[in-house]
Amino acid sequence: MAPSDIRVRFAPSPTGFLHIGGVRTALYNWIFARQRGGTMILRIEDTDLTRSTDEAIGWILDGLTWLGLDWDEGPYRQTERFDLYNEHIDRLLAQNKAYRCYCTPGELEVSRKEAMLKGTAAKYSGKCRNLKDGERNGEHTIRFKAPQEGQIFVDDMIRGMVMFDEDQMDDLIIRRSDGSPTYNLTVVVDDADMGITHVIRGEDHLSNTPRQIQLYQALEYDVPRFGHMSLILGPDREKLSKRHGAAAVDEFRSMGYLPEALINYLVRLGWSHEDQEIFSVEEVLKLWSLDDQGKSPSVFDHDKLQWLNGQWMKIVPPEQIARRLLPFLEKEGLITMSPEPGWLTKVVLTLRERAVTLVEMAHRAGFYFKELDYEPESAEKFLTPEINHLMGKAGALISTVEPFDHETLHSEIRGWLEEEGRKLKDLAQPLRIALTYRKDSPGLFEVMEVLGRETTLERIEKAREWIRNRV
Ligand code: GLU
């Protein structure tokens, strides 16, 4: 197969937020395609009209775009392809590979209970399989006549060879009584029609695979290769969901995570390369392989994701972080107008060592944008009458420092303190509280440079006034 013949797809059902498990499926397909010069297709599986929404389609498209997982074809929508599905269903009917089933829900329930009592497989009894024309009439579904004799082998790219006995296989409903086609039929028709060569999806679909292979065979289509990846679990080893905390890509995004970190985290789930933890997309494209993907499920580890995010806050260029920080600053109520980009980049440079997420960074950035209340214990401890005079002198010096950058500020203030027979540490905390209102802050001289001379002097004077008022 020429590299460019490789075609994969991400086929989400738009019934809710884009779940992190779905992101992982999209990511693996995307890497698989991009590594091989293949084609990535986006297909929206919206046949469940009661649960699919346009809003959810928007979440999927936004989420993928935010993560940088682009696609080459689509988005296709299954609801626009009903004619194609019906043609295939009619073909199966005409070839006697499918049949009309008139069993009512009541009848099906009775036979399900009988099977349960007998301890046999809970599958359709086959009652309508061999009806003669006109024997039953009225509302009906269409069922696929599933071959019952042999075995289906799935040579799974992740799980290895998996075998299924056909006598366990149900006569699947492929068209509901309301005329709508069902998942296993639409997915096979679409994957065949779209020329999908590799189906990479979650392990929860493994049990569908033999049914789908039977349909490929009945429709005389080539069967693609399959790869079923293990699921992501919560700490209780149940499938990861909302109740384990954030599980949707939008939530991680609004919690201030970076797409680079999320991708890095998902790639490392069930895959490793030596003892490396940080992987850029470029490295992933070079190193990652589906063949090395582990089979056992992975537990989602929020702490690890957070750690990775903290790392990526320092790797992503500061001007980019600055741009991404803007909506979070707005949410904190810190800006109404866009600050000057070069200045905001400097803000980021002072904060990125400590801030693990964009939310935290925006929160820590507060003092750059507005006056805050002093942390009471810190003000009590460090803004004392004894320091007032020295702070005044520092202000006088700061008003003359040229150029007004952190290196010059640092050396001049240190030199002056030495002459005064004082140490930097005598003054550092009081100044820090004066300028940032907190005792945990970025480097003092970097803060001065970013605040600028005027604001620095104003805040020193405010702190001295506070000291005077406390006596
Ligand atoms: N629409 C299915 C889902 O969201 C995926 C189908 C598939 O990948 O075959 O779970």
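Hydrogens, waters and symmetry mates are skipped; everything else that's a heavy atom, side chains included, is used. Remember, it's 1-based here, ligands and their atoms both numbered in the order they're listed.
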Tyr265 and His302 side chains, donor-acceptor separation under 3.5 Å:
no
Restricting to ring pair (Phe, Tyr, Trp, His ring centres under 6.0 Å), what partner residues turn up for Trp343, sequence neighbours left out?
Phe369
Hey, what's the ring geometry for Phe279 with His273, parallel, tilted or perpendicular (30° and 60° as the breaks)?
perpendicular
Sequence neighbours left out, cut at 3.5 Å: what donor-acceptor pairs do the side chains of residues 294-301 make with other protein atoms?
unit_1 : atom_1 : unit_2 : atom_2 : d
Asp301 : OD1    : Asp303 : N      : 3.1
Asp301 : OD1    : Lys304 : N      : 3.1

Ring pair (Phe, Tyr, Trp, His ring centres under 6.0 Å) partners of Phe17, counting only residues at least two apart
Trp59
Could you name the protein residues that come within less than 4.0 Å of ligand 1, counting only heavy atoms, and order them by chain and residue number?
Arg9, Ala11, Pro12, Ser13, Glu45, Tyr183, Val187, Arg201, His205
Hey, what's the ring geometry for Phe226 with Tyr216, parallel, tilted or perpendicular (30° and 60° as the breaks)?
perpendicular
